[in-house]
Amino acid sequence: MVFADPGEARARAQGVLDSDPTPWRASVAHQVIGIWQRDWGDMRIALHHLRRARDLAARAQAPDREADILATLGVALVHSGRTRQGLEALERGVAVSTGHTRARVLFRRAYASWVLGRHREALEDVRRAIPVLRQADDVIWTARALTLRATVHLALGAVDRAEADFTAAHAQWDTTGQEHDKADVVESRGLAAFRSGDIPLALRLLDEAEERYAKLGTPSFMLYIRRCEVLMAAGLAPEALAEADTATGALDGIGGQSTRKAELLLVAARAARLAGDPHTAIARAALAVRLFAGQRRSWWEAHARLVLIEARVAAGRRSGRLVADAAAVAERLASFGAPAAPEASLLAGRIALSLGWTADAERHLAVAARSRHSGPPLARMTGWAAQALRARAAGSGRGVLEACRRGLDVLDDHRMTLGASELRARATEQGAELAALAQQAGLDSGSPRRLLTWSERWRATVLSTPPTRPPADPALLGNLTAFREIAARAEEARSDGRPIPTLEREQRRLEREIRSRTLHMRGDAPGDGDRFEPGRLLERLGEVRLVELAVLDGRVQVLLCGQGRVRRFEAGLLADAETEAEHVQAGLRRLAHPGAEARLPVVEAMGRRLEELLLGPAAAQLGCGPVVVVPPGRLHRVPWALLPSLRERVLSVSPSASSWLRAHETEPPPGGRHVLVRGPGLATGGAEVPELADRYGRPTLLEHEEARVPRVLEELDGAALAHIAAHGTFRADSPLFSALRMADGPLIVHDFERLDRSPYRIILSSCDTARLASVGADELLGLVTALLPLGTAGVLASSAPVNDHAVVPLMLALHKGLSAGLSLAEALRDARASLPGDALHQATGWAFTAFGAA
């Protein structure tokens, strides 16, 4: 009963102990309480009850009863870090038991071997136990043994064998009432999905398992460890670190298993390294190494040592000792049959290369490169990264580009299995090294076209195909509606000065639920077979000049495309440009308020400095026609119209040249329907909207109570032009919850992704609607990038705070140009020129940017 209804089993066991039981019955009751405490409570209490149960079984002169308790006690001792004592108890249990009981003891010894990382010993014990359990028609223990064997297969990388055992176990569990065991197999199937590369399915199964555990009141710390692994593979390392730290605190709070604490420290160390915090990673990994060594868990200790070396390298350390340490870990992992062995060989090769030890590097990289042809996607990526580094060390530019192409193709296929745009964007981080190697090879070749091709190969890939539409999931739709209602109530309470902690907690809960369900979506689009061709771009540009900025070794490389050719210019350092862009943002924020006229020359001077850093000598080669700027993700907040050479031009911005091409070739929808939306709480009340309604004759006008999210989405779908005057909020912590405020609450990015086709042109006239989060290798998440893959060819939005009153004349002038047949970029250029020359209006004009090509 303890794994069917844990709470009831514990209560009944206590009831037995309160009824003056016989030694035999008392031994059962103490064992049940010991199991409960071992798995979900305090290990000290667990060991007390299990030792008492053992002594009572001896008094009862029941050898099989004693053997069964010795097996339970042995597992508890192993989990408490007393490995030698635990194995001795298990050995004695095997020795004194017979038949069916002995098979159950062998299963427990196999489980302990799995915990210790002794996988071959675990498989041997399970192999001996399963036939006996089957012969005894012991469905529950047979299913447990199959589940364990599948889990061991996963640790050794044998995913197909694991799936077969999980399937067989699942069929047996369906005939039982073992609810905790059922939850455990769902969790284990989530791990199998992850190992086979299916991250959405893994997340869905792990969330389902968590719901099952919650109903039983039995927290699974192994679940947290496995979810952290999946989150890291999905590019969500900061979340994995937070989850691991929270779970470690909870485990310490109940005095739980020290084996699980060591494993949590290991995943926390990996997450910290991936999140860019090598010093935290070093501290966690070093502690994990000590714990694993003390627990005699060599398999786990080798993995922790790998993370420790990776963190030290990330912290800037390079030495021959680290090469030797990484090579030793690689050999140790290979001897265990661990799938992580190629990662350690790649690490040893990287360090050796950085020291100039080419012969040593070649030896280690050749070993790592063997993984490029088989295994899950990320393992093959490791192999192709090693092959690319080998080619670079050998001076073969062609070899580098071929390895990078093959590796990025693997990641493309993996990325397209992900339905959520956030996961697609973050997954690109796995290809950052390959993309950088390919770009460097393109630069070394002396061919600007080749550099452009590789710059495009891994830029803004999340925009290359429409995101998977969220399913018609009643629970998801219900959560979105509840989220809007809670967010609206919180905003109202905030305005009134009332405390809102309860509302904020509920809002965060709903956000987690919405995001969780979104991350479960599988990709339904095939890989993008439409490869970027520079010739096609140059043909479509005509008189337009496209300026693509690539960053290599921290320096901006300007690729100027037009007049049938691609030219390269070298500009400044990216870090300097980022710093200057932040200063410009601060200046524009100040200029959004009256009385800051004295700051105008300072901001203009910053614009000149930005031009030097970002365009360099290319600024003098732009000609006099329209310009499209394609910046890297980290420069998304630059107000490009502030640069002197771009200030009076027809100027648009695009996340990639490929994205601009798609926008350029997008046809407007038939019918030319116009939609005007006015949200609540604007300082001007959205004063431009009534005038625009008069100008456009009979547009769809949504304001006051009609400007509710369901109706707004209905009208936006397939419109030719949409103008939304509404407060915008950008969420740096969760970009897809960036929102526009409607009458019934926020209209968020997740809502836009439900559109069949977003408006051909969309104008967002409020603050910060063009703010984006830079994630992955070179991806952007936010309102603008949510719209571009959905059929929007042109977006106008603000990348800085603006003065609501100054926005009104800019918008009216802009729409005057659009009515005359101009594009967004042309109309914005003319609208800026029509504004008064004071600082307030100039800053407002600079803050807005036209994205796309419409």
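- A perpendicular orientation is assigned to the rings of Tyr224 and Phe221, their planes being inclined by more than 60° (bins at 30° and 60°).
- For Phe737 and His750, the ring centers are positioned less than 6.0 Å apart.
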(message) For a salt bridge (charged side-chain N to carboxylate O under 4.0 Å, His left out) check, start with the C-alpha distance between Glu310 and Arg305, then their side-chain angles and the critical distance, and finish with the verdict.
(response) CA-CA 9 Å; Glu310 288 174 333; Arg305 287 192 183 280; over 6 Å; no

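- Taking CG from Asp252 and CG from Leu264, the interatomic distance works out to 9.0 Å, rounded to the nearest 0.5 Å.
- The pair Arg212-Glu208 counts as a salt bridge, with a side-chain nitrogen and a carboxylate oxygen less than 4.0 angstrom apart.
- Aromatic ring pairs are classed by plane angle as parallel below 30°, tilted from 30° to 60° and perpendicular above 60°; the pair His303 and Trp300 is tilted.
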(request) Would you please test Arg161 and Asp165 for salt bridge (charged side-chain N to carboxylate O under 4.0 Å, His left out) and show each step? (result) CA-CA 6 Å; Arg161 291 181 181 180; Asp165 276 345; over 6 Å; no

(request) List the steps and the verdict of salt bridge (charged side-chain N to carboxylate O under 4.0 Å, His left out) for Arg104 and Asp138. (result) CA-CA 10 Å; Arg104 290 184 173 187; Asp138 189 340; 2.9 Å; yes

(request) Mind running side chain to side chain donor-acceptor pair (under 3.5 Å) on Thr72 and Arg108 for me, showing each step along the way? (result) CA-CA 7 Å; Thr72 303; Arg108 260 82 70 91; 3.2 Å; yes

(request) Starting from the C-alpha separation in whole Å, work towards a yes-or-no answer on side chain to side chain donor-acceptor pair (under 3.5 Å) for Glu187 and Tyr213. (result) CA-CA 10 Å; Glu187 175 192 330; Tyr213 290 135; 2.6 Å; yes

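- Between His520 and Leu201 there is no side-chain heavy-atom pair separated by less than 4.5 Å.
- Comment: Asp125 engages Arg128 in a salt bridge, judged by a side-chain N to carboxylate O separation of less than 4.0 angstrom.
- Between His373 and Trp384, the angle of the ring planes goes over 60°, which puts this pair in the perpendicular group of the 30/60° scheme.
- A heavy-atom distance below 4.5 Å is not found between the side chains of Val115 and Val75.
- In this structure the side chain of Phe166 never reaches within 4.5 angstrom of the side chain of Leu146, judged on heavy atoms.
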(request) Go through Ser345 and His364 one step at a time and tell me if the side chain to side chain donor-acceptor pair (under 3.5 Å) criterion holds. (result) CA-CA 5 Å; Ser345 294; His364 298 306; 5.6 Å; no

